[in-house]
Amino acid sequence: MGAKKRYFLFLSVDSLIVTFSVFLSYYILMPYFTAFPLGVLAVTSVILLVSHHVFAHMFNLYHRAWKFASVRELVAVTKAVTLALCVSFLLTHLIYDMSFVRLMLITWMMHLIFIGGSRLSWKLAAYHLNDKRSRQSKENKALIFGGGRGGALLIKQMLENESMGMYPVAVADDDPTKMNMEIAGGVKVEGTREDIERLVRKYGIKKVIIAIPSLNKFELKQIHALANMQGVDVLTMPNIEDVMSGRLEVNTLKKVEVEDLLGREPVELDFDGIEAQISGRTILITGAGGSIGSEIVRQIAVFKPKKILLLGHGENSIYSILEEVLERKDNTIGYVPVIADVQDRKRIFEVFDKYRPDIVFHAAAHKHVPMMEYNAREAIKNNVVGTKNTAEAACHFKTKKFVMISTDKAVNPPNVMGATKRMAEMIIQALDKNCTETTLVAVRFGNVLGSRGSVIPKFRKQIQAGGPVTVTDPRMTRYFMTIPEASRLVIQAGAIAEGGEVFVLDMGEPVKIVDLAKNMIRLCGFKEEDIGIEFVGIRPGEKLYEELLKAEEIHPEQVYKKIYRGRVTESSLSLIESKIRSFLSIDETELKEKLLSFVGQENMKQEDLEQEHAS
């Protein structure tokens, strides 16, 4: 029914109720009171009618969505009816000098019963209609985990919104005081998290919805493990504050993804310390179109720098991140796209000379391990020479801080990519000794979830194609971190850097790749035997187990939450420069061997020094 028709319907219904309720009330009292003439009652009825419509408009009784009515609407009806009766009582008393207290009291109750009842019947009709529709879609039965405010809101939305296509049949909650309590719409708490499997089998549940958005990652993993059964989807609802503020709808449900299970609780940053260094400054981010670089751009923007330089070799990726940040329409930050290759020393120096950045986050690098095994010279040119060019430009133009993004593959590297990143770290450490006005540091971390080189997008494509999912080796393990967490910790490490450090991010517990593959298959709604897992053997340059620091490099104390300072060996810049010239002048096959040998000798040198020091 349209708004205009609904308005006239309620106006007509209220007019009939108000007009005749005083006569009905008098009829109830008539055996005891017969002194009120019919004319007096008629005038009283007219006064009541006018008064009611005045207060009904004042409290907006004709333009409310009564099918969503709650206590607020009941209070509005009570106020309008009470004020209308009070005004009518005073006016009739002034006109006729007669007291109508009992008559008005009965009339007041009649108004509440009939006017309130007419609104309640609207809600009841909508409820029964939606309930009937909901029960017709029982093939999508849902179990709600969480019997709090979020769970109650979600159940009401499911019962009232046919488009959700889900019917709530039971609630699970760990609070023993809620057991057998009806949460909303007749749906009861019937168990705890340990009863999820029993309830799923009992009712034929198709969806398990976690209605506690504040649940920490550890508990989310536990509940997902209990609910992760064949044919059952596990979803989460948005944060209740976002729902109440109107930023999100209750029915904005999100399927639990592998990133949710591998992710960890967000670290609290030193916002004041970071803002003091970044606010009002010019920040240069190399590789700004990549997974980490683009996320650093997003995170840095929070601290209100004056200008962010988006430097990258690929125009499409730089265009994408530029379009994204410009959509925010934040005129306080100037975004400058810079198409440049870090291998081009002249161009890099021109960029530094023109913009004079205060802080540099160097994320540009070739990162794909197997690809670099076939292209060792390109790895050296980009990862080693490119880092040297950018870092020396920072020193020459007196940039305050230079933060290089490194990798766990730089530890005992058996591959070209890891070895070139370790050489890049050595360059940063060597330059820091000579650059008195520039603080240079490196930050190591492992794999980031969802990045272009991550195994997760690859697995997802393989599952969508029907399988099999290819895993190199059943023993293969890796550390994982979300892109936002890694980027935040890189920014934090830059803020606390004193110079020459190789910071290492706490990556948590390593994850077996085969377990990750099994989880993803189940999350996509398939059985392992439907998709299959095929072991294809270790690729060139890969290690079974990654490490963030060698045993002798570990500094036991964190310098900040989830950030450690590594104790790594240092080499002279002249030695590194001579090695770079040598590597770029020899055959590709010999190059790889000599590169790994040089980094290996650097590791051996550290062991010899420590043994000598101990003796």
Side-chain angles (χ1 to χ4, degrees), residues 217 257 259-260 262-275 277-279 281-305 307-312 317-318 320-322 324-325 328 330 333 335 357-365 367 387 390 401-410 421 424 428 441-454 456-457 478-497 501-508 548 558-564:
K217 297 289 184 181
E257 300 286 356
E259 289 89 344
D260 300 316
L262 292 178
R264 300 178 295 167
E265 297 305 305
V267 65
E268 293 296 326
L269 299 181
D270 176 15
F271 278 90
D272 292 338
I274 297 172
E275 188 171 24
Q277 295 195 32
I278 292 176
S279 180
R281 306 289 175 84
T282 297
I283 313 298
L284 169 63
I285 300 165
T286 70
S291 305
I292 293 294
S294 60
E295 185 60 30
I296 291 177
V297 172
R298 299 181 192 101
Q299 300 283 345
I300 283 288
V302 175
F303 301 100
K304 301 298 179 186
K307 189 179 293 182
I308 299 180
L309 310 177
L310 313 173
L311 188 148
S317 59
I318 295 298
S320 295
I321 185 62
L322 179 64
E324 179 188 325
V325 294
R328 300 175 188 172
D330 185 352
I333 303 174
Y335 293 97
D358 298 294
I359 300 174
V360 175
F361 291 95
H362 180 54
K367 305 180 183 73
T387 298
T390 314
K401 286 198 176 180
F402 182 97
V403 182
M404 172 203 153
I405 312 300
S406 189
T407 171
D408 56 358
K409 293 171 179 63
K421 293 298 280 184
I428 296 303
V441 298
V443 183
R444 281 182 192 169
F445 54 86
N447 298 272
V448 286
L449 297 168
S451 67
R452 291 174 188 170
S454 171
I456 291 172
R478 289 292 182 268
Y479 291 97
F480 286 97
M481 179 181 282
T482 64
I483 295 174
E485 182 183 12
S487 302
R488 284 194 293 266
L489 289 173
V490 165
I491 295 168
Q492 181 65 68
I496 61 177
E501 302 101 332
V502 174
F503 289 114
V504 180
L505 306 188
D506 176 9
M507 298 293 295
L548 293 164
Q558 294 181 343
V559 294
Y560 194 85
K561 189 177 180 182
K562 296 186 183 178
I563 301 177
Y564 292 89

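Between A364 and G287 the shortest heavy-atom distance is CB-N, 3.6 Å. Heavy atoms only, all atoms of each residue included: K401 and A497 are closest at NZ-O, 3.3 Å. Across all their heavy atoms, F503 and A493 have their closest contact at CE1-O, 3.6 Å.
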Please lay out, stage by stage, how R444 and M404 fare under the test side-chain contact (heavy atoms from CB on, under 4.5 Å). CA-CA 9 Å; R444 281 182 192 169; M404 172 203 153; over 6 Å; no
Run V443 and V403 through side-chain contact (heavy atoms from CB on, under 4.5 Å) and show every step you take. CA-CA 7 Å; V443 183; V403 182; 3.8 Å; yes
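With ring centers used as reference points, F271 lies under 6.0 Å from F303.
Atom CD1 of I308 and atom CD1 of I333 lie 5.0 Å apart (nearest 0.5 Å). Between the CG atom of L310 and the OG atom of S320 there is a distance of 11.5 Å, given to the nearest 0.5 Å. Going from atom CD of Q277 over to atom CD1 of I491 covers 11.5 Å, rounded to the nearest 0.5 Å. The CZ atom of R488 sits 12.5 Å away from the CD1 atom of I300 when rounded to the nearest 0.5 Å. S291 OG to K367 NZ: the interatomic distance, rounded to the nearest 0.5 Å, is 7.5 Å.
No side-chain heavy atom of K307 sits less than 4.5 Å from a side-chain heavy atom of I283. You'll find the side chain of V325 reaches within 4.5 Å of the side chain of V297, heavy atoms only. I318 is not listed as a side-chain neighbour of L311, based on a closest heavy-atom distance of 4.5 Å or more. The side-chain heavy atoms of V490 and F361, taken from C-beta on, include a pair separated by under 4.5 Å. Within the 4.5 Å cutoff, no side-chain heavy atoms of F402 are placed close to those of V441. By the 4.5 Å heavy-atom criterion applied to side chains, H362 and I405 are not counted as neighbours.
Evaluation of the side chain to side chain donor-acceptor pair (under 3.5 Å) rule for K304 yields D330 as partners, not counting sequence neighbours.
Distance alone, capped at 3.5 Å, places no donor-acceptor pair between the D358 side chain and the R281 backbone. Proximity of a side-chain donor or acceptor of K421 to a complementary backbone N or O of K409 within less than 3.5 Å is not detected. A donor-acceptor pair under 3.5 Å is absent between the side-chain atoms of S279 and the main chain of P305, judged by distance alone.
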